[in-house]
Amino acid sequence: MEALNIDREKFWYLLLFVSDYIYGSCLEGIKVKETSRVLVEKLMQQLGKNIGNSGCILSFIKPMTLTLKLQEKHRSIEIDDPISLAYIYLVYEAGKDYFSNDKPTRFDTQEIDRKGKDTEPNTVLVAMFYHLLKSFFKLLPKTNTSKPAKVYSTVSLNKTLLISRLVYLTRLSTDKRYTGVDEKKDKQCPNFIKDQIKSYKDYKILRANKFYK
């Protein structure tokens, strides 16, 4: 903390808040579905990316089929030609501004996902912990790094290793490799936390936080 010029007591309160926020999102939070607006936007993004226009001819960059299942009649409607899908996309583009609104609407309502998992995987908690603390460190004034300390020296400026060690100290994980040392292989691993969470880079937690809105 001294190397980063951070007040220990205030940082402790920050850790309490971050821990509460993580548990409220990943372990206590109610699983919700994506909003109607987000689902439609994702569909239209895929359509827009895959429709090519060569002169007056519309074509797919890659084969694509849009399927609508009708459960009551046990049948489905499939659209796989580029002209029809391009028509859907263009109608959406022409009318989307009509539904745009800074305030939440019925299209932004999140429903409870009763089929969702009860909790998030432990690595998701670690990833959220990492990204929240990284955001905090970005707000700090730049530390004088004209003579940067080594990662494993008594005084270190390596924020990634600090966060990794805090994961272990706060018992988010009992894996000792988060301390930066792999005892089994007898080697240092200062970037262990990055290797663990890289697969969750674009992971979105669809939960209503129990403690914070």
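Numbers here are sequence positions counted from 1.
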- Measure the OG1-CZ distance between Thr119 and Arg207 for me, rounded to the nearest 0.5 Å. 6.5 Å

- Message: Under 4.5 Å between side-chain heavy atoms, counting indirect links through other Ile/Leu/Val/Met/Phe/Trp/Tyr residues: same cluster for Leu66 and Val38 or not?
- Response: no

- Message: Can you tell me how far apart CD (Glu111) and OG (Ser36) are? Round to the nearest 0.5 Å.
- Response: 7.0 Å

- Query: Can Leu206 and Lys33 be said to form a side-chain contact (heavy atoms from CB on, under 4.5 Å), step by step?
  - Reply: CA-CA 7 Å; Leu206 288 171; Lys33 298 178 181 179; over 6 Å; no

- Show the numbers, then the answer: is there a side-chain contact (heavy atoms from CB on, under 4.5 Å) between Met128 and Val18? CA-CA 9 Å; Met128 179 177 272; Val18 170; over 6 Å; no

- Output for pair (Leu166 CG, Leu161 CG), nearest 0.5 Å, gives 9.5 Å

- Message: For Lys198 versus Asp195, what's the shortest heavy-atom pair and its separation?
- Response: CG-O, 3.4 Å

- Message: Once you measure the plane-to-plane angle for Tyr21 and Phe17, does it fall in the parallel (<30°), tilted (30-60°) or perpendicular (>60°) bin?
- Response: tilted

- Message: Please report the interatomic distance CG(Leu133) to NZ(Lys159), rounded to the nearest 0.5 Å.
- Response: 12.0 Å

- Message: Check this for me: Asp186, atom CG, are more than 12 non-hydrogen atoms of other residues, nucleotides or ligands nearer than 6.0 Å?
- Response: no

- Message: Please give me the minimum heavy-atom distance between Glu120 and Ile205, naming the atom from each residue.
- Response: OE2-CG2, 4.1 Å

- Going hydrophobic residue to hydrophobic residue with side-chain gaps under 4.5 angstrom, can you get from Trp12 over to Val167? yes

- Output yes when Arg37 and Asp108 qualify as a salt bridge under the 4.0 Å nitrogen-oxygen rule, no when they do not. yes

- Of all heavy-atom pairs between Tyr200 and Ala127, which one has the smallest distance, and what is that distance? CB-CB, 4.4 Å

- Message: If you count heavy atoms of other groups shown closer than 6.0 angstrom to NZ of Lys134, is the number above 12?
- Response: yes

- Query: Between Ser19 and Leu15, is there a donor-acceptor pair closer than 3.5 Å when you use the side chain of the first and the backbone of the second?
  - Reply: yes

- Message: Is there a continuous path of hydrophobic side-chain contacts, each under 4.5 Å between heavy atoms, that joins Tyr212 to Leu27?
- Response: yes

- Flag yes if more than 12 heavy atoms outside Tyr87 fall under 6.0 Å of its OH atom; otherwise flag no. no

- Residues in side-chain hydrogen bond (donor to acceptor under 3.5 Å, both in side chains) with Asn122, at least two apart? none

- Does Leu162 belong to the same Ile/Leu/Val/Met/Phe/Trp/Tyr cluster as Tyr13, with side-chain heavy atoms less than 4.5 Å apart forming each link? yes

- Item | Closest non-hydrogen atom pair between Ile61 and Gly52, with its separation | CG1-N, 4.3 Å

- Task: Could you tell me which non-hydrogen atom of Tyr168 sits nearest to which non-hydrogen atom of Thr174, and how far apart they are?
- Result: CE1-O, 3.5 Å

- Ile197 side chain reached by Tyr203 side chain, heavy atoms, under 4.5 Å: no

- Any side-chain heavy atom of Lys49 sitting closer than 4.5 Å to one from Lys62? no

- Query: Which distance, rounded to the nearest 0.5 Å, do you find between the CG of Leu169 and the OG of Ser164?
  - Reply: 10.0 Å

- Item | Atom pair CZ (Arg177) and CD (Glu183), whose distance is rounded to the nearest 0.5 Å | 11.0 Å

- Query: Given side chains that start at C-beta, do those of Met64 and Leu47 come closer than 4.5 Å, heavy atoms only?
  - Reply: yes

- Kindly say whether Tyr178 contributes a backbone atom to a donor-acceptor pair with the side chain of Asp175 at under 3.5 angstrom? no

- Query: Should the ring pair Phe11 and Phe136 be called parallel, tilted or perpendicular, given that the plane angle runs from 0 to 90° and is split at 30 and 60?
  - Reply: tilted

- Under a single-linkage definition using a 4.5 Å side-chain heavy-atom cutoff for Ile, Leu, Val, Met, Phe, Trp and Tyr, are Phe107 and Val91 assigned to the same hydrophobic cluster? no

- Message: Can you confirm whether Leu39 is buried at CG, in the sense that more than 12 heavy atoms of other residues, nucleotides or ligands lie under 6.0 Å from that atom?
- Response: yes

- Can you check whether Asp81's main-chain N or O pairs, donor with acceptor, with Ser84's side chain at less than 3.5 Å? no

- Is there side-chain contact between Lys194 and Thr160, with at least one heavy-atom pair below 4.5 Å? yes

- Message: Do Thr179 and Phe192 have side chains that approach each other closer than 4.5 Å (heavy atoms only, starting at C-beta)?
- Response: no

- Item | Heavy-atom closest contact (Phe60 atom, Asp80 atom, distance) | CE1-O, 2.9 Å

- Do Leu85 and Asn50 touch side chain to side chain, with heavy atoms closer than 4.5 Å? no

- Task: Determine, stepwise, if the pair Tyr23 / Lys210 fulfils side-chain contact (heavy atoms from CB on, under 4.5 Å).
- Result: CA-CA 8 Å; Tyr23 280 91; Lys210 185 177 181 179; over 6 Å; no

- Item | From CA spacing to verdict: side-chain contact (heavy atoms from CB on, under 4.5 Å), Lys96, Met44 | CA-CA 11 Å; Lys96 69 178 182 180; Met44 293 303 146; over 6 Å; no

- Validation row: Phe137, Ile6 side chains within 4.5 angstrom (heavy atoms): yes

- Message: Quick check on side chain to side chain contact (heavy atoms under 4.5 Å, CB included): which of Leu14, Ile163, Ile22 does Leu132 satisfy it with?
- Response: Ile22

